[in-house]
Amino acid sequence: MYKFNLKQLNSLRYVGIELCHSFHSCLNSVSNVPPIYELNRNLNGLWKSGQLDEARQMFDKMYERDDFTWNTMIAAYAHSGRLDEAKQLFDETPNKCSITWSSLISGYCRYGCETEAFYLFWQMQYEGQKPSQFTLGSLLRMCSSNSLLSRGEQIHAHAIKTQFNSNAFVNTGLVDMYAKCSCIVEAQYIFEATPDRKSHVLWTAMITGYSQSNDGLRAIKCFRDMQAEGVVSNQYTFPSVLTACAAVKARRFGAQVHGHIIQTGFEANMFVESALVDMYAKCGDLNSARRALETMEGDNVVSWNSMVVGCVRQGFEKEALLLFKKMHARDMGIDDFTYPSVLNSCASIKDMKNAKSVHCLIVKTGFEDYKLVSNALVDVYAKGEDLCSAFEVFNHMTDKDVISWTSLVTGYAYNGSHEIALKLFCEMRLVGVEPDQIVIASVLSACAELTVLEFGQQVHANFMKLGLESTLSVDNSLVAMYAKCGCIEDANEVFNLMRIRDVITWTALIVGYAQNGKGKDSLALYNEMIVSGTKPDFITFIGLLFACSHAGLVEQGREYFESMDKVYGIKPGPDHYACIIDLLGRSGKMNEAKELLNQMDVEPDATVWKALLSACRVHGNLELAERAAKALFELEPQNAVPYVLLSNIYSAAGFWDDAARLRRLMKSRGVCKEPGRSWIEMNSTVHTFMSEDRSHPKTEQIYLKIDEIMIMIKEAGYVPDMNFALHDVDEEGKELGLSYHSEKLAVAFGLLFVPQGAPIRIYKNLRVCGDCHTAMKFISRVFQRHIILRDSNCFHHFREGISKTKGLVSFKSGVAKRMDDTPQLQVKVISSSSFSLMLEENLEVKYWIRASSGVVAKEA
DNA sequence: CTAGGGTTAG
């Protein structure tokens, strides 16, 4: 009698041919025992419904086993992660076919056992079995999820050799592997080289690849090509393309996709639902997001998480908290994504009370060791100015990643501890954590704030070496850093290379030009910005008005000031008033300045009064000067400047008694003038000088150089201005005292030790003295040097005997913060101390110096 | 009996 083999039997079943009873009896010697294919099916059903051990019992009881039986049992163990048992069974298998090998290999791949999987892959071929598309697919999946690029390339090579390289299934694996290993170009190449592109899985892998490599537009385009080629989407495709829509804020296209989802009936899928909520939320359409959330059947944590994030991003922190409370009440399995989002909303409104409650809940539910959660805790404590708690959470983390460090670094920077932020960055590098764009942007902002050019340059170099693609935030921070460090050309270069610019980019450079004495360039850039379609903001106008006041452009300044509210709806703040009052004061329009002061609809702050007082010094308006000084005595009781200025105004007007009275008042109130200090950074060491300072190891050489300088610049026409000398010494003493001002000692040091051709960069904690300013002009000409002097107000560039900067008003020495998450462009000009970190080429801290004291404080 | 693609984060 004819006997069917198993394969034939199965194909008969699959084409629907019912086997008659007589066939059964021929196939099985005992007539009431079910045929083996049925037993195999039962075996398969058992483990797939989770009854693995029952499956094994059945396997053991079977008196007859065929290849199917063995393979099914191996696959069952392999799939469930019981790899040892799978291997044991595999070894016992009498007849190993390709499927036997693939089943075991797929198990090792699924659980990331790279060595075992690849060993079996090799052994299989050694024993004469050819890997199939299944084998290659499994291996590629492992390479993809574990980012094993070179292993993946090996498989790719194997696929080419064995002519699998136009196999749609293998190519899907390759596209996914290359995409996940961030080789999007290779992924695209494989995709395009695939002849048969009817598989929706292949398309989905490509769309996801684009979407996850931050190329939302390409992902969307790919999705459209897929539609055009008539390939239908499914529950895997939609989330992917929706993520891309969210990333590029393509709400309209996203809504069209939504329509398509409803048409094809995939809206009930959890992943699709979540992606929809997320897409609407990220596009700022919270109403649609809410509607999508409400129409869902059952609770889906991911969708709720997306909704919480959406609310936070749109500035509805309170609603985010309410949503969280609802989630908690509904007991919907709050996870490690929920906590970061809700902590985020606490962070942005500094709601520390709720933050602490959430922290308690985290501890209670055992989520404190989740990295995302701890990172968010560090962030919320740092933003809430509780740096101790931030540091404590950070210290307890076992696995700190770049985000953990970033949270702490930005936290310290946010609270004004820029030096600590930089130090932490160095520590991060020391423990071997690679920076990313976000921490780089943050650190560069801190460099800008401290005007530590060398450090900033090293961070820039470090960033270039990392080979990361730049981002808008990084570029913006670079522009701001170079501009604030007086390297306006470098700032300009970064600016020119940028393909996308926003208001922060333009403003950084506008402010940069203004601070570096290029008022006209500042205004020209502003016009360019308007032409480019970018709207100015609060800070743009500070830069612009600062530029006008420095360039003496009264009319333009007035116009810009007027346009703020009228055209752009930006209400002027104290900083704007300070600039405009300075502008008016400088051109002698004291009455107008006074009028403006009285019209102000915000409370004048110290900056405004300082601008006014400075103007009074030039134009001698006693009444206004007294009013301004009095206000300053209250606002900044420890600041000596208003005392000195007012006293000088009295002297100039001949009111000697009043001048003396003020000096006495200052003394009796214990207000001291901050001593002038100048410093120069050279080879990562800071050389600090006080007036008539003799503590520097090279003192003798420096003083000899000063004598030489004085002789040479006097020959060139320099006349010492005794008004800037001390009063109680004779003429000769006065002149000598002038010669030994801290900035002159610094410039002498610079002339001696800074190589010819390199600019001499001097920093001063106070405003540069008038006589030194004149002397610098002569020195730059006589010694053919470019001197850049940064004082408490701005940068002075001396070249060929000309100073490019004349400044009177200082930016408010507070910090202007933007309300969004971009790096802050801060208008604070200086801190009175500077410092330097000694770095090796690979950015390791060697030692840490505080310039203000000149002491090496820490060795690492 | 073996295989591939998806959502939420600083």
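Chain A is the first sequence line, chain B the second, and so forth, proteins listed ahead of strands; every chain is numbered from 1. Not measured: the values here are computed from a predicted model.
Rounded to an integer number of Å, the gap from Asn234(A) CG to dT7(B) P is 13 Å. Distance CG (Leu293(A)) to C1' (dT7(B)): 13 Å, rounded to an integer number of Å. Between Leu140(A) atom CG and dT2(B) atom P the separation is 19 Å, expressed in whole Å. Note: CZ (Phe223(A)) to P (dG5(B)) measures 19 Å, nearest angstrom. Taking atom CE of Met327(A) as the reference point, atom C1' of dT8(B) lies 10 Å away to the nearest angstrom. For the pair Leu242(A) CG and dG5(B) P, the interatomic distance rounds to 19 Å; values are reported in whole Å. Phe266(A) places its CZ atom 16 Å from the C1' atom of dT7(B), with the value rounded to the nearest Å. Computed from coordinates, the Leu104(A) CG to dA3(B) P distance equals 12 Å when rounded to whole Å.
Taking only side-chain nitrogens and oxygens, Arg141(A) comes nearer than 4.0 Å to OP1 or OP2 of dG4(B). A close approach under 4.0 Å does not occur between any side-chain nitrogen or oxygen of Lys96(A) and OP1 or OP2 of dC1(B).
Here Ser274(A) lies in heavy-atom contact (under 4.0 Å) with a base. Thr100(A) comes within 4.0 angstrom of no nucleic acid atom, judged by non-hydrogen atoms across all strands. Contacts of Thr204(A) with the nucleic acid, taken as non-hydrogen atoms under 4.0 Å apart, include base atoms.
Residue Thr172(A) has its side chain nearest to dG4(B) when only dT8(B), dG4(B), dT2(B) are considered. Distance from the side chain of Asp176(A) is smallest for dG5(B) among the nucleotides dA9(B), dT2(B), dG5(B). Comparing atom distances between the His200(A) side chain and each of dG5(B), dG4(B), dC1(B) picks out dG5(B) as nearest. Relative to the side chain of Lys282(A), the nucleotides dT2(B), dG6(B), dA9(B) differ in distance, and dA9(B) lies closest. Candidate nucleotides dG6(B), dT8(B), dA3(B) were compared by shortest atom distance to the side chain of Ser138(A), and dA3(B) ranks first.
Between the side chain of Asp436(A) and the base of dG10(B), at least one donor-acceptor pair of N or O atoms lies under 3.5 Å. If you check distances only, the side chain of Asn269(A) does reach the base of dG6(B) with a donor-acceptor pair under 3.5 Å. Looking at Thr208(A), its side chain has no donor and acceptor atom pair within 3.5 Å of the base of dG6(B).
Judged purely by distance below 3.5 Å, without hydrogens or angles, the side chains of Asn305(A) and Ser341(A) never pair a donor atom with an acceptor atom. Side-chain atoms of Ser240(A) and Thr208(A) include a donor-acceptor pair closer than 3.5 Å.
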**OP:** Please step through side chain to side chain donor-acceptor pair (under 3.5 Å) for the pair Glu273(A) and Ser303(A), ending with a clear verdict.
**Re:** CA-CA 7 Å; Glu273(A) 280 173 341; Ser303(A) 301; 5.0 Å; no

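Counting heavy-atom neighbours within 6.0 Å of Glu434(A) CD, excluding the residue itself, gives a total of 12 or less.
Remark: of the listed residues Phe425(A), Phe394(A), Tyr412(A), Phe394(A) is the sole one forming a ring-ring contact (aromatic ring centres under 6.0 Å, His included) with Trp405(A).
For dT8(B), the base is stacked against the aromatic ring of Phe337(A), per a cut-off of 5.5 Å between centres and 30° between planes. Residue ring and nucleobase are stacked for Tyr236(A) and dG5(B), with a centre distance beneath 5.5 angstrom and an angle between planes beneath 30°.
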